[in-house]
Participant: 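Just dropping this structure here.
On a predicted model such as this, the values are computed, not experimentally measured, just so you know. Chain letters run A, B, ... following the sequence lines, proteins first and then strands; every chain starts at 1. Computed over heavy atoms, backbone and side chain alike; hydrogens, waters and symmetry mates excluded.
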Amino acid sequence: MTDSTEKPRGVDFVREIVNEHNASGRFGGKVLTRFPPEPNGYLHIGHAKSICLNFGIAKDYGGKCNLRMDDTNPTKEEVEYVESIKNDVRWLGFQWDGMYYASDYFDQLYAWALELIKKGKAYVCDLTGDQIREYRGTLTQPGKNSPYRDRSVEENLALIERMRQGEFPDGSRTLRAKIDMASPNVNLRDPVLYRILHAEHHNTGNKWCIYAMYDWAHGQSDSIERITHSICTLEFENHRPLYEWFIDQLGIHKPQQIEFARLNLTYTVMSKRKLLELVRDKHVAGWDDPRMPTIAGLRRRGYTPESIRNFCAEIGVSKTDSVIGMNVLENAVREDLNKRAPRVMAVLKPIKVVLTNYPAGQVEELDAVNNPEDPSAGSRKVPFSRELYIEQDDFREVPPKKYYRLAPGQEVRLRWAFFIKCHEVIKDPATGEITELHCTYDPETRGGNAPDGRKVQGTIHWVSAAQAQRAEVRLYDHLCKVPDPDDVPQGVDWKTNLNPESLVTVKDALVEPSLTKAATGDRFQFERVGYFCVDTDSQPGALVFNRIVSLKDTWAKIEKKA
RNA sequence: UGGGGAAUGGUGUAACGGUAGCACGGAGCGCUCUGGACGCUUUAGUCUAGGUUCGAAUCCUAGUUCCCCAGCCA
């Protein structure tokens with residue numbers, strides 16, 4: 001119809017294609033997508049991009065989205081992975097319509113293979129792996145036909161059945177499509193459909209000893225589910241003619257495959273092979289190690305599903321190979337947590353402060369706002385006393401220019417408390433190390449404001465010595481020390497680019513007492529420091545926090561420039 | 001050297017023959033009981049060369065550069 005003259009603007013190219021289909025009636029206005037992972041590892045942030053795209057499109061168009069395990073290789077797949085995948089998809093905030101397995105379709109796939117044989121379009125090949133490679137030719141030279149290419153239909157039928165029955169050892173024969181050994185597209189040079197694999201499958205057990213190749217399973221699985229838009233990554237663009245060839249031969253529903261560029265992030269790796277390597281060789285504590293770009297890792301780190309979804313929306317979808325800066329992801333979680341995370345005071349590297357004019361033994365409760373961005377978050381009480389701890393970084397005996405924090409003779413505000421001024425620096429006579437700061441407080445400034453209207457430049461965070469709780473804080477940084485860890489000279493292991501300081505553990509940070517009630521998964525902003533999340537290792541009385549991301553640090557930037 | 005793709009500020013991404021915009025980053029300013037947040041200003045781009053057109057990021061031609069493909073992996 002022509003009643004809609006306004007063009008959809010600002011939508012990604014995939015949605016543009018869907019719009020065209022809806023306009024032309026190609027799929028009768030239906031939209032059915034799917035997210036098809038192989039359960040051979042944990043999902044990562046790159047999968048999140050695909051999940052948001054597939055589920056997002058289904059939602060935008062009132063369609064549906066299936067979750068399907070592409071489980072055609074029993075030697076690499078495990079139920080642990082399928083469970084983790086389902087869990088991660090749900091956690092990201094999506095609910096699939098159909099839950100399927102490519103292995104659900106093994107019978108149908110086998111029937112279709114027989115059909116292809118009967119049409120003279122597939123044959124059993126006795127070539128070894130090496131021979132198949134030789135016969136395939138190269139990118140610039142055509143391949144040559146297998147000597148087994150012209151077996152009779154009857155012989156092929158008999159042989160595939162014997163393969164299925166388990167009469168032949170692994171690798172001894174394959175079923176191949178008969179297409180064109182001279183095709184400039186190598187995927188069409190008689191691709192293997194089935195290989196012999198005497199392996200137990202997580203879903204079908206020992207029913208099969210021949211397994212469909214991905215190329216033989218994927219397109220037809222989409223077809224069976226009547227997927228309309230089969231969205232995948234760029235490297236499958238070369239396979240599309242093959243999938244369409246299968247579907248044309250079989251005369252079944254043909255989805256539209258659309259390829260987009262996979263996500264790459266700086267300072268990390270995204271290949272499942274490399275992530276598995278990190279886990280297996282214990283470079284990290286597991287798939288959910290907070291340094292991992294896995295969904296499980298990001299979750300444990302403290303990322304919110306919203307922040308990941310916002311990130312995916314922010315980066316867009318296109319066909320251009322690209323690398324997104326890690327700072328974009330970090331920015332997404334800061335933006336989300338700024339609105340929601342309660343503020344709290346924690347001192348990571350403490351130095352003691354004694355208020356010489358504050359009565360010994362006295363403790364008072366001060367009101368602290370929980371979240372200046374969210375009035376409904378209310379306020380809490382924090383104890384204040386003669387002995388406190390502040391951050392080592394917040395004191396300089398010889399302050400540089402523009403240093404607004406505590407220094408001899410310089411007045412600062414203690415957040416939600418009083419103005420203090422430093423009078424004496426106590427040092428260890430042996431080492432010269434600063435052990436204590438003697439300060440005075442101004443009782444008139446209770447709550448943080450001076451009745452005489454006097455201003456201070458700096459406000460610093462603190463905890464009261466007697467009431468503070470000890471906590472372990474794990475400071476996470478980039479997994480890799482360079483933006484592109486895959487960029488290594490020939491023969492050099494990419495793992496030489498792992499960041500040795502990706503985890504720095506602070507054993508004895510001091511946190512305000514309200515945090516004793518913090519539960520696993522709770523997120524906070526440690527004021528002026530960063531966003532933190534209670535780790536799964538945390539116990540009552542033995543708190544463990546993960547740094548999700550630091551706050552932007554303007555002072556660090558100024559000081560770096562000086 | 002075969003085939004398939006992609007090229008817009010530093011990084012991503014819009015514009016669908018008619019003002020090159022947005023986000024992140026960078027620089028600067030304002031505000032602030034977080035050197036946070038927020039607000040404002042600013043920086044910087046159509047791969048190259050021709051052509052069509054009143055007008056081109058967009059259409060045409062020819063180049064250049066980058067990515068993917070030679071698993072019985074997905």
Participant: Look at the side chain of Asn238(A) against the base of rG3(B) and say whether a donor-acceptor pair falls under 3.5 Å; ignore hydrogens and angles.
Facilitator: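 Pair found.
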
Participant: Taking the inter-plane angle between the rings of His218(A) and Phe236(A) on a 0 to 90° scale, is it parallel (under 30°), tilted (30 to 60°) or perpendicular (over 60°)?
Facilitator: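 Ring orientation, 0 to 90° scale: parallel.
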
Participant: Taking CG from Asn310(A) and P from rC24(B), how many angstroms apart are they, rounded to a whole number?
Facilitator: 12 Å

Participant: Residues two or more places apart in sequence or in another chain: which of them pass ring pair (Phe, Tyr, Trp, His ring centres under 6.0 Å) with Tyr110(A)?
Facilitator: Trp208(A)

Participant: Which of parallel (below 30°), tilted (30 to 60°) and perpendicular (above 60°) describes Tyr101(A) and His202(A)?
Facilitator: tilted

Participant: What distance do Glu38(A) atom CD and Asn40(A) atom CG have between them, rounded to the nearest 0.5 Å?
Facilitator: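 Answer rounded to 0.5 Å: 3.5 Å.
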
Participant: Give the dot-bracket string for RNA chain B, reading 5' to 3', where a pair is Watson-Crick or G-U wobble with both distances under 3.5 Å, ( ) marks pairs inside the strand, [ ] marks pairs crossing earlier ones, | marks a partner on another strand, and . marks unpaired.
Facilitator: .((((((..((((....[..))))((((((.......))))))...(((((..]....))))))))))).....

Participant: Rounded to the Å, how far apart are Asn185(A) CG and rC69(B) P?
Facilitator: 12 Å

Participant: For the backbone of Lys349(A) and the side chain of Glu391(A), can you confirm whether one donor and one acceptor N or O come within less than 3.5 Å of each other?
Facilitator: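 Side chain of Glu391(A) to backbone of Lys349(A), a donor-acceptor pair under 3.5 Å: yes, one is there.
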
Participant: Just the table, please: protein N/O against nucleotides 40-46 of chain B N/O, every pair under 3.5 Å.
Facilitator:
none

Participant: Give me, pair by pair, the N or O atoms of the protein and of nucleotides 25-31 of chain B that are less than 3.5 Å apart, along with how far apart they are.
Facilitator:
from: rG25(B); atom 1: OP1; to: Lys552(A); atom 2: NZ; distance (Å): 3.3
from: rG26(B); atom 1: OP1; to: Lys557(A); atom 2: NZ; distance (Å): 3.3
from: rG28(B); atom 1: OP2; to: Lys561(A); atom 2: NZ; distance (Å): 3.2

Participant: Taking atom types as they are modelled, would you say the side chain of Glu559(A) forms a donor-acceptor pair with the base of rG35(B) within the 3.5 Å cutoff?
Facilitator: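 Per atom types, no contact qualifies.
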
Participant: Give Ile558(A) one of three labels, base, sugar-phosphate or nothing, depending on what nucleic acid heavy atoms sit under 4.0 Å from its own.
Facilitator: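 Ile558(A): base contact, heavy atoms under 4.0 Å.
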
Participant: Output all residues satisfying ring pair (Phe, Tyr, Trp, His ring centres under 6.0 Å) with Tyr42(A), sequence neighbours left out; order by chain, then residue number.
Facilitator: Tyr81(A), Trp287(A)

Participant: In this structure, how many angstroms lie between the P atom of rG36(B) and the CZ atom of Arg528(A), rounded?
Facilitator: 10 Å

Participant: Nearest 0.5 Å, what's the OG1-CG distance between Thr204(A) and Asp71(A)?
Facilitator: 7.5 Å

Participant: Output yes when Glu364(A) and Arg446(A) qualify as a salt bridge under the 4.0 Å nitrogen-oxygen rule, no when they do not.
Facilitator: yes

Participant: Between Asp12(A) (CG) and rC16(B) (P), how many Å, whole number?
Facilitator: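 Distance, rounded to whole Å: 16 Å.
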
Participant: When only distance counts, do a donor and an acceptor, one from the side chain of Gln525(A) and one from the base of rU34(B), lie under 3.5 Å apart?
Facilitator: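 In this structure, the two groups form a donor-acceptor pair.
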
Participant: Heavy-atom contacts under 4.0 Å between residues 211-224 of chain A and RNA chain B, which residues?
Facilitator: Met213(A), Tyr214(A)

